[in-house]
K.L.:
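Here you go, one structure.
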Amino acid sequence: MIWMKTRIHDINVAYEISGDGVPVLWVHGFPLSRDLWRPQVADLADCGRHIVPDLRGFGETDAPAGAYTMEGYAEDLSGLLDALEVRQAVVAGSSMGGYIALSFARLHPDRLLGLILADTRATADSAEAAQTRRDSAAKTLREGTQAVVDGMFPKLLAPATLAQQPGVVQTVRAMLQAASPQGVAGALWGMADRADSTPYLEDITAPTLIIVGAEDAITPPREAQQMAQAIPGSRLVEVAQAGHLSNLEQPDAFNRAVRTFLGKPGLSATS
Ligand code: MLT
């Protein structure tokens with residue numbers, strides 16, 4: 001695993017790269033970091049060239065002031081692929097990373113080799129949910145990230161994970177505690193204003209895998225089912241005993257689905 005930083009759109013973006021084969025761009029959720037994908041990068045080293053960035057505002061990437069739109073994030077990722085001279089990639093997003101992956105699919109369909117949508121949704125926020133995010137952003141800038149982190153933590157993991165997997169609980173807590181107020185606020189503003197991706201789902205032609213934790217309380221299985229119905233030829237995998245972070249909670253089941261997907265004949269690297 002090589003750790004690097006590169007300058008994209010006036011910020012320093014941290015990323016890791018490892019493995020060989022189909023380029024896979026792993027896009028973490030909110031308010032996490034590239035550490036989310038450790039079990040995938042470790043177990044799937046033989047079936048992909050894994051490109052794992054910290055998004056704008058998170059991990060070791062810069063956190064400039066202002067809103068981070070889903071389109072802006074998609075352009076950061078496109079810039080990262082340019083910097084790495086990768087023409088096309090499978091884009092895999094968890095939750096907010098899925099919102100970004102759907103923006104990427106709309107803005108750069110020619111760069112999309114495949115799509116993995118994990119524990120996410122296509123729909124936009126309701127007016128009420130968007131206002132709650134804006135209020136949380138203001139509170140975060142005033143008081144720090146603790147309130148957002150405390151509010152989110154109990155919803156992220158399935159009850160069995162909370163009770164029986166202290167290592168996963170620790171990993172998630174560490175990511176949450178490392179989040180910066182500016183990064184959290186920027187992403188909250190961006191998510192509050194994000195577009196509804198539902199109308200574009202039928203236009204996705206890249207092979208698509210949708211994964212959801214059966215106990216996901218933030219983006220429940222019905223959201224995944226709706227995306228699966230709308231995206232032509234997509235495959236849906238529901239992971240038992242997993243909540244919103246199914247890739248961390250049940251990595252064996254998650255990675256099995258990804259391994260099968262990456263082995264599909266249509267998914268071959270072009271650069
Ligand atoms: C995430 O995990 O990225 C967030 O829960 C997404 C959201 O708040 O909508």
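Remember, it's 1-based here, ligands and their atoms both numbered in the order they're listed.
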K.L.:
With heavy atoms of Tyr99 as the reference, note each atom of ligand 1 found under 4.0 Å away.
P.N.:
6 (C), 7 (C), 9 (O)
K.L.:
Counting only heavy atoms, which portion of Lys155 has something under 4.0 Å from ligand 1: side chain, backbone, both, or neither?
P.N.:
neither
K.L.:
Are Thr120 and Glu223 linked by a side-chain donor-acceptor pair shorter than 3.5 Å?
P.N.:
no
K.L.:
Is atom CD of Glu75 surrounded by more than 12 heavy atoms (other residues, nucleotides or ligands) closer than 6.0 Å?
P.N.:
yes
K.L.:
Between the main-chain N or O of Asp196 and the side-chain N or O of Tyr200, is there a donor-acceptor pair closer than 3.5 Å?
P.N.:
no
K.L.:
Quick one about Thr219 and Asp216 (side-chain donor to acceptor, distance below 3.5 Å, no hydrogens or angles considered), yes or no?
P.N.:
yes
K.L.:
Return yes or no for this condition: an N or O of His244 is under 3.5 Å from an N or O of ligand 1.
P.N.:
yes
K.L.:
By number and element, which atoms of ligand 1 are closer than 4.0 Å to a non-hydrogen atom of Met152?
P.N.:
4 (C), 5 (O)
K.L.:
Under the side chain to side chain contact (heavy atoms under 4.5 Å, CB included) test against Leu201, which residue among Leu117, Leu102, Thr208 passes?
P.N.:
Leu102
K.L.:
Numbering the atoms of ligand 1 from 1, which are under 4.0 Å from a heavy atom of Ser95?
P.N.:
1 (C), 2 (O), 3 (O), 4 (C), 5 (O), 6 (C)
K.L.:
Looking at Ile218, which atoms of ligand 1 are within less than 4.0 Å of one of its heavy atoms?
P.N.:
5 (O)
K.L.:
Output yes when a side-chain donor or acceptor of Asp119 lies under 3.5 Å from a complementary backbone atom of Gly213, and no otherwise.
P.N.:
yes
K.L.:
In the protein, which heavy atom is nearest to atom 8 (O) of ligand 1, and how far is it?
P.N.:
Arg133 NH1, 2.9 Å
K.L.:
Please check if the number of heavy atoms outside Asp203 that lie under 6.0 Å from its CG is greater than 12.
P.N.:
yes
K.L.:
Run the numbers for me: atoms of ligand 1, each under 4.0 Å from some heavy atom of Gly29, listed by number.
P.N.:
3 (O)
K.L.:
Report, in ascending order of atom number, the atoms of ligand 1 lying under 4.0 Å from any heavy atom of Phe30.
P.N.:
1 (C), 2 (O), 3 (O), 4 (C)
